[in-house]
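The structure appears below as structure tokens.
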Amino acid sequence: MAEIIDGKAIAAKMREGIKKEVTELAAQGVTPGLAVVLVGEDPASRVYVSMKEKACADCGVFSAEYKLSADTSEEKLLELIAQLNADSRIDGILVQLPLPKHIDEGRVLEAISPAKDVDGFHPYNVGRLVTGNPLFQPCTPYGVMKMLEETNVDLKGKNVVVVGRSNIVGKPVALMCLAAHATVTICHSRTVDLPAKVAAADVVIAAVGIPEMIKGEWIKEGAVVIDVGVNRVGGKKLVGDVEFEAACQKASAITPVPGGVGPMTITMLIYNTLESAKRRAKG
Ligand code: NDP
């Protein structure tokens with residue numbers, strides 16, 4: 001049976017470390033600050049924003065919330081971002097996605113100062129990740145890497161198969177594994193013979209968004225499985241992209257859903273905000 005990689009416990013341990021560093025920084029007169037911008041009333045976005053604010057409060061990070069109505073113009077939003085870029089109390093700016101359709105998401109993300117881009121979505125930060133000199137790394141993939149590190153998985157020379165090629169999970173996690181000297185294969189909806197690709201993997205990272213589409217029988221004996229997928233089935237139950245029970249019979253270690261990658265994402269956001277504040281403290 002596979003070892004269960006406990007994301008909640010790893011996140012809690014990291015948050016303790018963050019709290020300690022925040023206290024040390026406060027003694028130097030610097031309190032990390034995160035601005036959270038929400039446009040519109042999307043219920044899921046509201047939940048995410050309140051979770052982020054609560055995590056800030058728990059870690060002693062100052063958070064400033066900007067709730068704008070759904071009909072806010074792109075110009076007004078860009079004005080707010082310019083103001084936050086110049087605000088010395090703010091180390092990180094997070095614009096909750098998705099934005100209403102009349103706003104150009106790319107333009108907004110590019111308006112955030114790369115030095116405050118704690119989500120790591122600005123093309124400058126994407127470029128730094130690609131060139132192997134990251135400043136801010138996107139939170140979910142960064143959380144995956146921390147989990148692998150905490151589980152003592154050395155990626156050097158390993159075959160990693162990433163299923164999914166989104167800009168927020170698949171592509172950045174593949175780049176991070178490459179930087180850790182893995183041999184990386186990225187699979188997507190046009191990949192031919194996905195079962196064979198997965199069967200060759202020492203580490204499988206699933207970020208698809210289809211409930212249990214990766215079958216337990218595809219997993220190589222002893223492989224490590226990281227399931228990023230969060231899918232609601234039957235109205236309530238959450239399941240991942242991997243057939244969990246069957247995969248447990250083959251894998252050496254696996255993340256559950258819920259309680260795996262999920263708790264790491266917000267923790268890495270706070271971590272990135274702390275790192276930014278530390279750079280401010282250094283001047
Ligand atoms: P996207 O929808 O942006 O990307 C999904 C990817 O899966 C695409 O690259 C797509 O390929 C690929 N795909 C779709 N169908 C197949 C298939 N049959 N075989 C192989 N690949 C396929 O999703 P995200 O990356 O944003 O999210 C992925 C999952 O992770 C979701 O369940 C999401 O909820 C979850 N998630 C969890 C987070 C957390 O904090 N735990 C944070 C972010 C996401 P193609 O490019 O060809 O279309």
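The structure presented is a predicted model; accordingly, all values stated were derived computationally and were not measured. First listed ligand is number 1; within each ligand, the first listed atom is number 1. Computation of the quantities below employed the complete heavy-atom set of this structure, encompassing side-chain atoms and omitting hydrogens, waters and symmetry-equivalent molecules.
Under the 4.5 Å side-chain heavy-atom criterion for ILVMFWY residues, no single connected hydrophobic cluster contains both Ile5 and Ile254. Hydrophobic clustering of Ile, Leu, Val, Met, Phe, Trp and Tyr side chains at less than 4.5 Å, counting indirect connections, unites Met264 with Val224. The cluster map of Ile, Leu, Val, Met, Phe, Trp and Tyr, joined by side-chain heavy atoms under 4.5 Å apart, puts Val162 and Ile210 in different clusters.
Residue-to-ligand polar distances place Arg165 within reach of ligand 1: an N/O pair is separated by less than 3.5 Å. In terms of polar-atom proximity, defined here as any N/O pair under 3.5 Å, Arg190 makes no such contact with ligand 1. Residue-to-ligand polar distances place Val230 within reach of ligand 1: an N/O pair is separated by less than 3.5 Å.
Closest to atom 13 (N) of ligand 1 by heavy atom, among Val173, Ile266, Val208, is Val208. With distances taken over non-hydrogen atoms, the option nearest atom 41 (N) of ligand 1 out of Pro141, Pro211, Pro263, Gly262 is Gly262. Distances from atom 37 (C) of ligand 1 to the heavy atoms of Thr191, Thr265, Val228, Val261 put Val228 nearest.
Numbered from 1 in the order shown, with element, the atoms of ligand 1 that lie under 4.0 Å from a heavy atom of Ile168 read 26 (O). Ligand-side atoms of ligand 1 in range of Asn231: 32 (O), range being under 4.0 angstrom from any heavy atom. In the vicinity of Thr140, heavy-atom distances shorter than 4.0 Å reach the ligand 1 atoms 40 (O), 42 (C). Within the listing of ligand 1, atoms 25 (O), 43 (C), 44 (C) sit less than 4.0 angstrom from a heavy atom of Val169. For ligand 1, the atoms closer than 4.0 angstrom to any heavy atom of Ile210 are 15 (N). Applying the 4.0 Å criterion to heavy atoms of Gly164 picks out, from ligand 1, the atoms 6 (C), 7 (O), 9 (O).
Rounding to the nearest 0.5 Å places OG1 of Thr185 at 11.5 Å from CD1 of Ile205. Taking CD of Glu74 as the reference point, atom CZ of Arg107 lies at 4.5 Å (rounded to 0.5 Å).
Under the 4.0 angstrom criterion for non-hydrogen atoms, Gly170 is not in contact with ligand 1. Ligand 1 has Ala207 within reach: a non-hydrogen atom of the residue lies less than 4.0 Å from it. At a 4.0 Å cut-off, at least one heavy atom of Met213 sits close enough to ligand 1 to count as contact.
Crowding of Tyr66 atom OH: a count of heavy atoms from other residues, nucleotides or ligands under 6.0 Å exceeding 12. Environment of CD in Glu217: sparse, with no more than 12 heavy atoms of neighbouring residues, nucleotides or ligands closer than 6.0 Å.
Looking only at heavy atoms of the protein, atom 11 (O) of ligand 1 is closest to Ser189 N, 3.2 Å. The protein heavy atom nearest to atom 20 (C) of ligand 1 is His188 O, 3.1 Å. Nearest protein neighbour of atom 25 (O) of ligand 1, counting heavy atoms only, is Ser166 OG, 2.5 Å. Among all non-hydrogen protein atoms, the one lying nearest atom 31 (C) of ligand 1 is Gly209 CA, 3.6 Å.
A search for side chain to side chain contact (heavy atoms under 4.5 Å, CB included) contacts involving Glu221 returns Lys250, not counting sequence neighbours.
With hydrogens and angles ignored, the 3.5 Å screen pairs a side-chain donor or acceptor of Arg280 with a backbone N or O of Thr31.
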Evaluate the criterion side chain to side chain contact (heavy atoms under 4.5 Å, CB included) for residue pair Val163 and Ile186; output intermediate values, then yes/no.
CA-CA 6 Å; Val163 191; Ile186 306 176; over 6 Å; no
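Residues Ser69 and Asp71 have side chains that bring a donor and an acceptor to within less than 3.5 angstrom of each other.
Remark: of the listed residues Leu97, Val108, Leu68, Leu68 is the sole one forming a side chain to side chain contact (heavy atoms under 4.5 Å, CB included) with Val39.
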